[in-house]
Amino acid sequence: MRVLIIGSGGREHAIAKKILSSPKVSDVFCAMGNPGMEKDGIQTVAIQEDNHSELIKFAKDQQISWTFVGPEVPLLNGIVDDFQAANLKIFGPNKKAAMIEGSKEFAKEIMVNNQIPTADYQAFTNYEEAVSYVKEKGAPIVIKADGLAAGKGVTVAMTLDEALAALKEMMTDLKFGASGSKVVVEEFLEGEEFSLLAFVRNEEVYPMVISQDHKRAYDQDKGPNTGGMGAYSPVPQISEATVQQAIEKVLYPAAIGMVKNDTPFTGILYAGLIATGAGPKVIEFNARFGDPETQVVLPRMESDLTIVLDDLINGKKPQLNWKENAAVGVVIAAEGYPGSYKKDIPIPNFTEDVTVYYAGVAGEKDQLKSSGGRVFLIEAEAATIQEAQTKVYQALKSVDTTDFFYRNDIGDKSKQ
Ligand code: AMP
Ligand code: GLY
């Protein structure tokens, strides 16, 4: 088989590497990909992810068996609809189904209509009405821009002043552009966060093992929100009963609800959850694999991902098996991220004890330099989270990371 992956980050590196490890696969292409992926034999393709007609032409010319979409933006731009209209096989939600990620209000309607536990909320387009609602509810309270804002359109306000400032920034100063002209104001949920992803085909749900992301830039969850600074799996402090509850009360009703809504979902459904005293509640749905969750979830997958996806695409029932081990992944970011950051930092080489998933890199594969904020992720597996952590941090200490920074506590929450 010859497979095309859309995307260019660490998540796509992990997906492409796993797919390429299958004996069924001869070639994996990644558009645009990044030069770090080439170290693992993944072939990069210089076609932008919004250039659907060129991607379709490439898939036809190269006799691609099927395409897999990593990021949300092409999904929301209708890449699945366009490939299917061209008679090409592709795995991911179509444009309408991707709205479960693209609009927080759409997602909330699906949740309310299907009794999926989530924070109480109200959506506003009128600034004054939003202000009076927030004043009435008081802090802590959560303010979210309705559209996509690359993970940065969320303010968890611990005081009323913070909440009002966030409303002003989003609704009148349009800090997140048009995505902030509508906001969702949400009840603050207290508890441990976890990510539960599943392969979904209409009403069918095949859950993966859970993981935990770290969105804040610095240790102990301090500093600004980022696209994710590291993840680990499993999450032992989340009980098996809580995970089962999330599968039954969140994933299945969401998949079935999307079918009932005439927006059936096929693809990767990602539930961002908080384990509250009253059970797991949804904070967000995504229509794709998480980044950096994928980099710790896929290494724990015992089954052949290519066969799983091929079965899903071809109407067969996939078989999913997971290893009983642990994986830890730490993101290495350029100094300054998520603000303006250094570029062209040389990338160190690591020993084979750890896996490197590249994201913001440029240059030749043997002379990589940083080009983005989140540059690469170091991942390791072991029998326990602690051992995996030790492998990752020892590898990081063995190289020069002067112009980079990373969190030193990825996985620590599992010990509390
Ligand atoms: P999101 O982009 O929706 O994942 O939100 C970013 C982060 O804000 C999440 O990872 C949570 O840490 C936090 N968050 C979002 N919604 C809530 C909520 N209702 N209560 C508490 N924290 C939240
Ligand atoms: N790790 C968060 C996300 O992928 O949205």
Side-chain angles (χ1 to χ4, degrees), residues 7 9-12 14-15 69-73 75-76 98 100-105 107-108 111 116-122 134 137 139-158 162-163 166 170 176 179-180 183-197 208 210-217 220-233 235 268-278 280-298 329-331 338 357 359 374 377 407 410 413:
R11 164 182 56 204
E12 287 76 23
I15 297 165
V69 189
E72 64 278 16
V73 174
L75 294 169
L76 282 156
I100 198 162
E101 171 164 7
S103 163
K104 302 229 185 253
E105 196 183 8
K108 283 290 189 186
M111 289 187 254
I116 297 171
T118 184
D120 284 339
Y121 79 104
Q122 203 148 338
V134 164
K137 292 283 175 185
I141 197 159
V142 181
I143 319 277
K144 301 184 173 183
D146 182 59
L148 289 181
K152 291 167 195 132
V154 175
T155 299
V156 180
M158 299 315 284
E162 262 180 87
M170 284 182 205
F176 301 103
S179 76
V183 301
V184 169
V185 180
E186 210 175 77
E187 168 201 4
F188 172 78
L189 298 176
E190 190 136 29
E192 187 105 17
E193 258 181 91
F194 65 104
S195 304
L196 171 62
L197 286 73
M208 301 185 213
I210 63 167
S211 55
Q212 188 175 62
D213 184 13
H214 295 65
K215 290 209 167 77
R216 300 295 193 115
Q220 271 90 49
D221 291 333
K222 301 245 164 60
N225 259 320
T226 69
M229 293 301 293
Y232 65 96
S233 172
V235 191
I268 307 296
L269 183 62
Y270 165 134
L273 297 151
I274 292 190
T276 73
K281 293 193 181 185
V282 176
I283 49 170
E284 65 168 345
F285 278 119
N286 292 320
R288 49 161 176 87
F289 268 116
D291 191 339
E293 287 94 330
T294 307
Q295 293 92 310
V296 294
V297 168
L298 288 185
V330 176
V331 169
Y357 291 119
R374 288 192 303 161
L377 174 144
R407 280 183 60 158
I410 307 298
K413 277 191 209 155

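All figures in this text were calculated on a predicted structure; none of them were measured in a lab. In this chain, numbering begins with 1 at the start of the sequence shown. When a ligand or atom number is given, it counts from 1 through the structure's own listing order.
For ligand 2 and Asp213, the ligand atoms under 4.0 Å from any heavy atom of the residue are 1 (N), 2 (C). Contact atoms of ligand 1 toward Lys104: 3 (O) (distance under 4.0 Å to a heavy atom of the residue). Counting the atoms of ligand 1 from 1 in the order shown, those under 4.0 Å from a heavy atom of Lys144 are 3 (O), 15 (C), 16 (N). The distance from ligand 2 to the heavy atoms of Asn286 drops below 4.0 Å at these ligand atoms: 5 (O). Atoms of ligand 1 lying under 4.0 Å from any heavy atom of Glu284, numbered from 1 in the order shown and given with element: 1 (P), 2 (O), 3 (O), 4 (O). Annotation for ligand 1: atoms under 4.0 Å from non-hydrogen atoms of Glu186 are 16 (N), 17 (C), 18 (C), 19 (N). Heavy-atom proximity to Ile283, at under 4.0 Å, picks out these atoms of ligand 1: 9 (C), 11 (C), 16 (N), 17 (C), 18 (C), 19 (N). Within ligand 1, the atoms closer than 4.0 Å to a non-hydrogen atom of Phe188 are 20 (N), 21 (C), numbered from 1 in the order shown. Residue-ligand proximity, Gly290 to ligand 2, at heavy-atom distances under 4.0 Å covers atoms 4 (O).
Looking from atom 5 (O) of ligand 2 to the surrounding protein, the closest heavy atom is Arg288 NH2, 2.9 Å.
Among residues two or more places apart in sequence or in another chain, the side-chain hydrogen bond (donor to acceptor under 3.5 Å, both in side chains) test is passed with Thr118 by Lys108. Remark: Asp221 pairs with Arg407, Lys413 by the side-chain hydrogen bond (donor to acceptor under 3.5 Å, both in side chains) rule, at least two apart or across chains.
Of all the heavy atoms in Val331 and Gly230, the pair that sits closest is CG2-N, 3.9 Å. Contact between Thr226 and His214 at its shortest, heavy atoms only, is OG1-O, 4.4 Å. Of all the heavy atoms in Met170 and Ile143, the pair that sits closest is CE-O, 3.7 Å. The two atoms that bring Gly10 and Tyr357 nearest to each other are O-CB, 4.0 Å, heavy atoms only.
Among Val156, Val142, Asn225, the residue whose heavy atom sits closest to atom 13 (C) of ligand 1 is Val156. With distances taken over non-hydrogen atoms, the option nearest atom 9 (C) of ligand 1 out of Glu187, Glu190, Glu193 is Glu193.
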Can Phe285 and Met111 be said to form a side-chain contact (heavy atoms from CB on, under 4.5 Å), step by step?
-> CA-CA 10 Å; Phe285 278 119; Met111 289 187 254; 3.7 Å; yes
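Put simply, the side chain of Glu12 gets close to the backbone of Gly9: a donor and an acceptor are under 3.5 Å apart. Without hydrogens or angle criteria, Arg11 side chain to Phe289 main chain gives a donor-acceptor distance under 3.5 Å. Gln212 contributes a side-chain N or O that, together with a main-chain N or O of Glu193, makes up a donor-acceptor pair within less than 3.5 Å.
Assignment of Lys281 to the shell around ligand 1 is not supported, since no heavy atom sits closer than 4.0 Å. Contact between Arg11 and ligand 2 is absent, with no heavy atom of the residue lying under 4.0 Å from the ligand.
Annotation: Leu189 places an N or O atom under 3.5 Å from an N or O atom of ligand 1; distance criterion only. Looking at Asp291 next to ligand 2, an N or O pair under 3.5 Å apart turns up.
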